[in-house]
**Student:** 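One structure is given below, represented as structure tokens, and several questions about it will come after.
Chain letters run A, B, ... following the sequence lines, proteins first and then strands; every chain starts at 1. Since the model is a prediction, treat every value here as computed from it, not as a measurement.
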There are 2 protein chains.
Amino acid sequence: MAAVTIKDIARLLNVSASTVSRALKGSPEIGRETVARVQETARRLNYRPNKAALSLLNARTRTIGVIVPNLGYHFFARALQGVEDEARERGYTVIACQSLEAAEKEVRNVEDMRRSGVDGLLISLAQHTRDLRHLKELQGQMPVVMFDRVSDALSFSRVFVNNVSAAFGAVEHLVKVGCRRIAYLAGPADMMISNHRMEGFRMAVARHRRKVTDARVVHTEFDQPTAMRSAMSMLRRKDRPDGIFAVSDRVAIGAMEAARKMGIAIPDELAIVGFNDEPIASLISPSLSSVRQPTLEMGRMSTRLLIDQIEAGEGFRPVIRTYMTRLIVRASSRRGSKPSKT
Amino acid sequence: MAAVTIKDIARLLNVSASTVSRALKGSPEIGRETVARVQETARRLNYRPNKAALSLLNARTRTIGVIVPNLGYHFFARALQGVEDEARERGYTVIACQSLEAAEKEVRNVEDMRRSGVDGLLISLAQHTRDLRHLKELQGQMPVVMFDRVSDALSFSRVFVNNVSAAFGAVEHLVKVGCRRIAYLAGPADMMISNHRMEGFRMAVARHRRKVTDARVVHTEFDQPTAMRSAMSMLRRKDRPDGIFAVSDRVAIGAMEAARKMGIAIPDELAIVGFNDEPIASLISPSLSSVRQPTLEMGRMSTRLLIDQIEAGEGFRPVIRTYMTRLIVRASSRRGSKPSKT
DNA sequence: AAAACCAACGCAAACGTTTGCGTTCACGGG
DNA sequence: CCCGTGAACGCAAACGTTTGCGTTGGTTTT
């Protein structure tokens with residue numbers, strides 16, 4: 001049970017602990033033969049440096065904390081994978097937890113992370129986080145990087161996609177397949193990504209104002225049941241939309257569900273485009289058009305920025321990285337032309 | 001940047017570090033007034049005990065490691081949530097990572113966990129893990145609990161559902177809706193959960209042998225494309241099955257996909273039942289019948305067992321906890337009677 | 001042969017916290 | 001007045017590791 005320490009090796013070989021320590025890292029100060037004996041013994045005894053001792057010495061844990069809204073969203077599970085990959089390569093450990101979209105839980109998560117002594121924090125905001133004090137406190141205290149669900153009220157590094165042009169492209173696509181009354185099924189009113197996508201939505205509508213006769217925005221939540229109800233009340237109106245751009249795939253699927261219950265045909269009476277291109281998008285029927293992000297790469301990059309900042313120390317300015325997206329067109333928004341596979 | 005330590009408080013109050021330490025835990029050895037002053041100062045300075053120092057002292061990290069095949073499977077994401085809840089309540093930190101169903105990665109994960117000095121390990125095996133040496137090594141070294149994807153070749157505590165009777169119930173259900181040629185779309189041949197479900201499958205077939213004219217088992221993998229190909233080659237045969245019980249929802253969805261491509265109607269020509277009842281089961285169309293497990297509770301229980309074992313020390317015998325499942329019948333296996341909602 | 005040098009190693013402090021065992025002081029009892 | 005007592009606190013070691021600065025020998029230089 002008791003782990004083998006440097007002292008054990010030292011005692012066994014009749015040398016001092018410092019010699020063992022140096023020998024283990026192949027210091028030139030130590031004799032060739034001693035180095036060999038130490039390393040062999042260490043291997044034989046399965047020696048592992050005690051992390052706590054190292055942390056104590058360096059005042060660093062080589063651990064980063066990750067807080068995401070929900071690992072059940074494939075987007076975040078995948079991003080986390082990128083985070084883990086990069087972290088491992090740089091010799092860091094990852095401790096992850098979920099806010100479950102609840103602001104209070106996010107605050108607790110941050111608190112836990114601080115207590116755990118992480119060297120840095122990677123966070124994607126819960127949908128209802130408005131009060132940012134728990135993060136503001138960290139400024140100047142600990143390196144922080146935000147990704148996807150970011151906020152520009154904080155001066156942290158940020159990684160996200162070009163939401164404006166992504167939304168613009170998606171909405172323009174809806175126009176091109178013939179939609180005339182287009183709705184944006186948005187997230188909470190104060191979320192940056194939701195608002196940026198709204199801006200793209202508005203730009204596309206403006207650009208095609210001769211074709212688009214109606215454009216509206218409906219705010220809802222990221223969970224599917226709520227999204228479905230919002231979509232339903234919207235679709236009940238006389239002048240209901242014939243095209244929906246949704247802030248996420250979950251929300252889009254909520255809208256599809258609503259349409260199905262009301263007997264509205266997709267894509268003919270209602271075309272839908274989602275966001276994130278989760279695997280489920282190609283599984284449901286009709287398959288869902290969606291905007292794809294380089295999720296894995298974004299997780300990697302966020303981690304790279306974070307660790308760079310950790311290792312750079314004080315002199316590090318916040319950095320912003322934006323990625324390009326790609327619209328994947330599927331059955332939910334394919335009209336007129338002959339249907340093809342996917 | 002530099003965190004405030006006990007020494008800082010001591011210096012500030014002109015007392016010794018030991019006094020501060022004792023005062024912080026309200027030791028009766030310390031004067032009332034001193035305790036008050038220390039605690040007030042600690043709060044004001046936002047003092048947090050240094051985890052590394054504590055770990056070094058107690059030879060414990062109050063951290064548990066979790067290794068799951070894939071957080072993209074909703075089942076594991078949800079189980080992790082149960083783990084986090086329980087761990088937080090007991091004052092433990094969780095570090096999670098994914099094997100991505102790859103045995104080598106699982107070995108690396110275990111290695112990382114050991115290096116991180118976790119107090120215990122919670123693991124659900126990758127589908128291709130046959131060589132269990134990396135876990136066998138841990139016996140007697142560190143508390144380990146396995147869940148869902150367990151193995152009885154190791155003497156660790158285990159948490160899982162009654163796979164035999166769950167499978168029995170699912171297959172019997174298929175028989176009752178009229179299936180006569182039933183197939184079990186299994187996982188890899190040496191996986192315990194897959195084999196237990198096979199046993200239930202066989203028992204149900206035996207029980208209804210007067211009705212079931214054909215029963216077969218096809219082994220495949222947990223990823224959907226592979227599962228789809230396996231299903232396709234099975235469905236191409238002249239005497240193709242009219243009922244499929246799949247080892248997981250992903251595999252079941254692969255089978256649905258295969259059926260769709262081949263123009264086989266679900267549920268009329270082919271009824272399907274999956275396992276896990278992931279959210280996607282009710283989203284796809286037709287909606288998928290599936291066996292539901294108490295996932296959250298299983299995550300919680302696994303963690304409880306693990307922490308109990310950690311805190312009990314040597315004298316702890318492995319424990320086995322099994323949970324009951326519930327078959328959720330949906331459109332993919334509903335025949336004959338009038339269709340109802342869900 | 002003395003001085004200088006180098007290779008090879010040991011000593012001890014430091015990181016932050018806890019804890020067993022002092023030490024100090026005031027006070028009460030005899 | 002002296003001793004015992006107990007309250008309130010300090011000292012120092014310990015956990016495992018690293019690292020600056022010794023301290024040994026022995027070998028080379030002049």
**Student:** Check the distance between C:dT17's P and B:Asp8's CG and give it to me in whole angstrom.
**Tutor:** 9 Å

**Student:** Determine whether a donor-acceptor pair (N or O, by modelled atom type, separation under 3.5 Å) exists between the side chain of B:Glu101 and the backbone of B:Pro69.
**Tutor:** no

**Student:** Rounded to the nearest 0.5 Å, what separation is found between the CD1 atom of A:Ile30 and the CZ atom of A:Arg22?
**Tutor:** 6.0 Å

**Student:** Which one, C:dT19, D:dC9, C:dC9, comes nearest to the side chain of B:Ile30?
**Tutor:**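 Minimum distance to the B:Ile30 side chain belongs to D:dC9.
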
**Student:** In Å and rounded to the nearest 0.5 Å, what is the CE to CG distance from A:Met301 to A:Asp308?
**Tutor:**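 Here the rounded value is 9.0 Å.
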
**Student:** Donor-acceptor check, side chain of B:Ser157 to backbone of B:Pro318, threshold 3.5 angstrom: yes or no?
**Tutor:** no

**Student:** OP1, OP2 of D:dC15 versus side-chain N and O of A:Lys7: anything below 4.0 Å?
**Tutor:**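 Affirmative; the distance criterion is met.
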
**Student:** Just by distance, do the side chain of A:Ser55 and the backbone of A:Lys51 share a donor-acceptor pair under 3.5 Å?
**Tutor:** yes

**Student:** Is it true that A:Arg48 and A:Asn50 share a donor-acceptor pair across their side chains at a distance under 3.5 Å?
**Tutor:** no

**Student:** Out of curiosity, B:Arg300 CZ to B:Glu84 CD, how far, rounded to the nearest 0.5 Å?
**Tutor:**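 Rounded to the nearest 0.5 Å, the CZ-CD separation comes out at 11.5 Å.
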
**Student:** To the nearest 10°, give me the bend of the helix from C:dA1-D:dT30 to C:dG30-D:dC1, comparing the axes of its five terminal pairs at either end.
**Tutor:**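 It comes to 70° between the two terminal axes.
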
**Student:** Which whole-number value in Å describes the distance from B:Ile9 CD1 to C:dT17 P?
**Tutor:**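 That distance rounds to 8 Å.
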
**Student:** Starting at atom CZ of A:Arg22, determine the distance to atom C1' of C:dA8, rounded to an integer number of angstrom.
**Tutor:** 10 Å

**Student:** Pull out every residue in residues 48-61 of chain A that has a heavy atom closer than 4.0 Å to any atom of DNA chain D, ordered by number, or say none.
**Tutor:** A:Arg48, A:Pro49, A:Asn50, A:Ala53, A:Leu54, A:Leu57

**Student:** Please work out which residues in residues 11-21 of chain B have a non-hydrogen atom less than 4.0 Å from an atom of DNA chain D and list them by number.
**Tutor:**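 Only B:Asn14, B:Val15, B:Ser16, B:Ser18, B:Thr19 qualify.
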
**Student:** Donor-acceptor check, side chain of A:Ser302 to backbone of A:Met298, threshold 3.5 angstrom: yes or no?
**Tutor:**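 Confirmed, A:Ser302 side chain pairs with A:Met298 backbone.
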
**Student:** Has the side chain of A:Ser27 got a donor or acceptor atom that lies under 3.5 Å from a matching backbone atom of A:Ala23?
**Tutor:**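 No: the side chain of A:Ser27 does not pair with the backbone of A:Ala23.
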
**Student:** Within this structure, what is the CD-to-P distance between A:Glu29 and D:dT18, rounded to whole angstrom?
**Tutor:**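 Rounding to the nearest Å, CD of A:Glu29 and P of D:dT18 are 14 Å apart.
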
**Student:** Between B:Lys25 and C:dT18, is there a side-chain N or O to OP1/OP2 distance below 4.0 Å?
**Tutor:** yes

**Student:** Within the distance-only criterion (no hydrogens, no angle test), does the side chain of A:Thr41 pair as donor or acceptor with the backbone N or O of A:Ile9 below 3.5 angstrom?
**Tutor:**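 Checked: no pair found.
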
**Student:** Would A:Arg149 and A:Phe76 count as a cation-pi pair here, with the cationic atom under 6.0 angstrom from the ring centre and within 45° of the axis?
**Tutor:**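 Relative to the ring axis of A:Phe76, which defines the angle, A:Arg149 lies outside at least one limit.
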
